[in-house]
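To start, the structure itself, in structure tokens.
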Amino acid sequence: MPRPRKRLAGAAGQDKKGLLGKRTKTENTENTSTKLENSSPQKTPASKNCGKNSSNYWLMKSEPESRLEKGVDVKFSIEDLKAQPKQRACWDGVRNYQARNFLRAMKLEEEAFFYHSNCKQPGIMGLMKIVKEAYPDHTQFEKSNPHYDPSSKEDNPKWSMVDVQFVRMLKRFISLDELKTCHQAHKATGGPLKSMALFTHQRLSVQPLTQEEFDFILSLEETEPS
DNA sequence: GCCAACGTTGGC
DNA sequence: GCCAACGTTGGC
């Protein structure tokens, strides 16, 4: 089992506490809502698969360029995903409650855009799908891992991950720049990207897309780069 | 429960 | 490398 390290999501000051174990009630494991205005990934675990049209779409960020975090390279590009056995990998390292809650809302076979962040050319590279629903992220217990979380206990893991599988590259790269231009225009016209999380929740490394957002972005594939 | 200090994200 | 945006921590 490969374990690509991604760097996803903000672990603000995750390390310094640990020993003091202060733990205010901000221990918001379940609270931090998963809601982002217009999307609705808020399924109760109970609602399993009842129905077909309950599918959600996602955008997941990863860094394609080498960068050391606590001495470990956190690079993980879409090419790295393609190079994995079966082109599958676990999406570990998410240390932000909102992002984690989205991971937990993901269902088998749902599709996600693979977004390259913190790099020369940020933007959407391709498509992947969820092949294993949320389960404990083992890296939270590994002391040498950049995303080690000493406050998380084995019998009550804080952080989750999913497994993803490469589906395909987009027919062309959709840059952040292009998405931003659309977003700006759509804010005025009420178009599909008017409230895309990429811009309204800037730092979220795992975010939901509405059907309209997803379809619109896919339609860009067929157009000329702007 | 407020909020300043601090740390991270991620585009530029 | 800079730094704006913003999430988290922890004193009060």
Side-chain angles (χ1 to χ4, degrees), chain A residues 4-37 39 41 58-78 80 91-105 112-126 137 139-140 145-153 156-161 173-187 193 195-209 217 225-226:
Chain A
R5 311 195 173 264
K6 280 151 244 76
R7 171 214 189 173
L8 324 166
Q14 197 67 348
D15 27 322
K16 68 137 60 127
K17 59 171 192 210
L19 298 182
L20 319 168
K22 223 342 178 333
R23 195 75 33 100
T24 52
K25 68 312 223 23
T26 314
E27 166 82 343
N28 48 356
T29 36
E30 311 316 325
N31 64 33
T32 324
S33 108
T34 303
K35 288 206 216 58
L36 284 194
E37 295 84 21
S39 58
W58 310 96
L59 180 148
M60 300 165 82
K61 302 178 184 175
S62 186
E63 300 188 25
E65 295 173 5
S66 284
R67 193 177 59 81
L68 295 186
E69 198 171 310
K70 298 179 186 158
V72 179
D73 193 351
V74 294
K75 164 188 190 294
F76 189 74
S77 68
I78 195 163
D80 292 325
W91 204 266
D92 62 346
V94 171
R95 297 293 181 271
N96 166 284
Y97 287 109
Q98 207 178 7
R100 179 204 67 181
N101 291 346
F102 287 129
L103 289 176
R104 291 182 177 179
F113 286 124
F114 195 121
Y115 178 93
H116 278 177
S117 69
N118 202 17
C119 59
K120 207 65 159 290
Q121 296 216 59
I124 297 173
M125 297 296 298
D137 176 347
T139 66
Q140 68 197 297
N145 191 281
H147 304 117
Y148 173 60
D149 182 356
S151 72
S152 184
K153 297 294 168 254
N156 186 21
K158 266 192 187 173
W159 306 109
S160 302
M161 64 186 181
F173 172 69
I174 311 287
S175 70
L176 172 63
D177 219 54
E178 179 171 358
L179 291 168
K180 189 182 294 172
T181 300
C182 292
H183 169 64
Q184 291 300 345
H186 290 186
K187 275 199 294 185
L193 299 194
S195 50
M196 189 183 183
L198 191 60
F199 305 103
T200 60
H201 298 263
Q202 207 176 72
R203 297 172 47 188
L204 247 197
S205 69
V206 176
Q207 49 186 257
L209 295 174
I217 292 169
S226 59

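As a basis for the values below, the full set of heavy atoms in this structure was taken, side chains included, without hydrogen atoms, waters or symmetry mates. Every chain is numbered from 1 and lettered A, B, ... according to where its sequence line falls, protein lines coming before strand lines.
Here B:dG11 is the nucleotide among C:dT8, B:dT8, B:dG11 with the atom lying nearest to any side-chain atom of A:N118. Minimum atom distance to the side chain of A:D177 is reached by B:dC12, of the listed B:dG11, C:dT8, B:dC12. The side chain of A:K180 lies closest to B:dC12 when the candidates are B:dC12, B:dT8, B:dG10. Closest approach to the A:R203 side chain among B:dT8, B:dC12, B:dG10 is made by B:dT8 (side chain taken as heavy atoms from C-beta onward). Each of B:dG11, C:dC6, B:dG10 was ranked by its minimum atom distance to the side chain of A:P122; first place goes to B:dG11.
Taking the six-membered ring for Trp and the full ring otherwise, the centers of A:W58 and A:F114 sit at least 6.0 Å from each other.
Atom P of nucleotide B:dG7 and atom CD of A:Q202 are separated by 20 Å, given to the nearest angstrom. Taking atom CG of residue A:N101 and atom P of nucleotide C:dG7, one finds them 14 Å apart after rounding to whole Å. A:R67 places its CZ atom 12 Å from the P atom of B:dG11, with the value rounded to the nearest Å. Between the P atom of B:dT8 and the CZ atom of A:R95 lies a distance of 14 Å, rounded to the nearest Å. Look at CG on A:L176: it is 10 Å from C1' on B:dC12, rounded to the nearest Å. For the pair A:L179 CG and B:dG11 C1', the computed distance is 14 Å after rounding to whole Å. With rounding to whole Å, A:N96 atom CG is found 9 Å from B:dT9 atom P.
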Polar pairs (N or O, both sides) under 3.5 Å between protein and nucleotides 2-5 of chain B?
none

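Residue-level contact check: A:F199 touches neither bases nor backbone, having no heavy atom under 4.0 Å from any strand.
With sequence neighbours excluded, no residue forms a salt bridge (Lys or Arg N to Asp or Glu O under 4.0 Å) with A:D177. Legend: residues meeting side-chain contact (heavy atoms from CB on, under 4.5 Å) with A:Q121, ordered by chain and number and at least two apart, are A:F173. Legend: residues meeting side-chain hydrogen bond (donor to acceptor under 3.5 Å, both in side chains) with A:S175, ordered by chain and number and at least two apart, are absent. Partners of A:S117 by side-chain hydrogen bond (donor to acceptor under 3.5 Å, both in side chains), not counting sequence neighbours: none found. Qualifying side-chain hydrogen bond (donor to acceptor under 3.5 Å, both in side chains) partners for A:K187, counting only residues two or more places apart in sequence or in other chains: A:Q184.
Using the six-membered ring where Trp is involved, A:W91 and A:F76 have ring planes that are perpendicular, over 60° apart on the 30 and 60° scheme.
Phosphate contact (OP1/OP2 of B:dG10, side-chain N/O of A:K61, threshold under 4.0 Å): present. Listed pair A:Y115 / B:dG11 meets the phosphate criterion, a side-chain N or O lying under 4.0 Å from OP1 or OP2.
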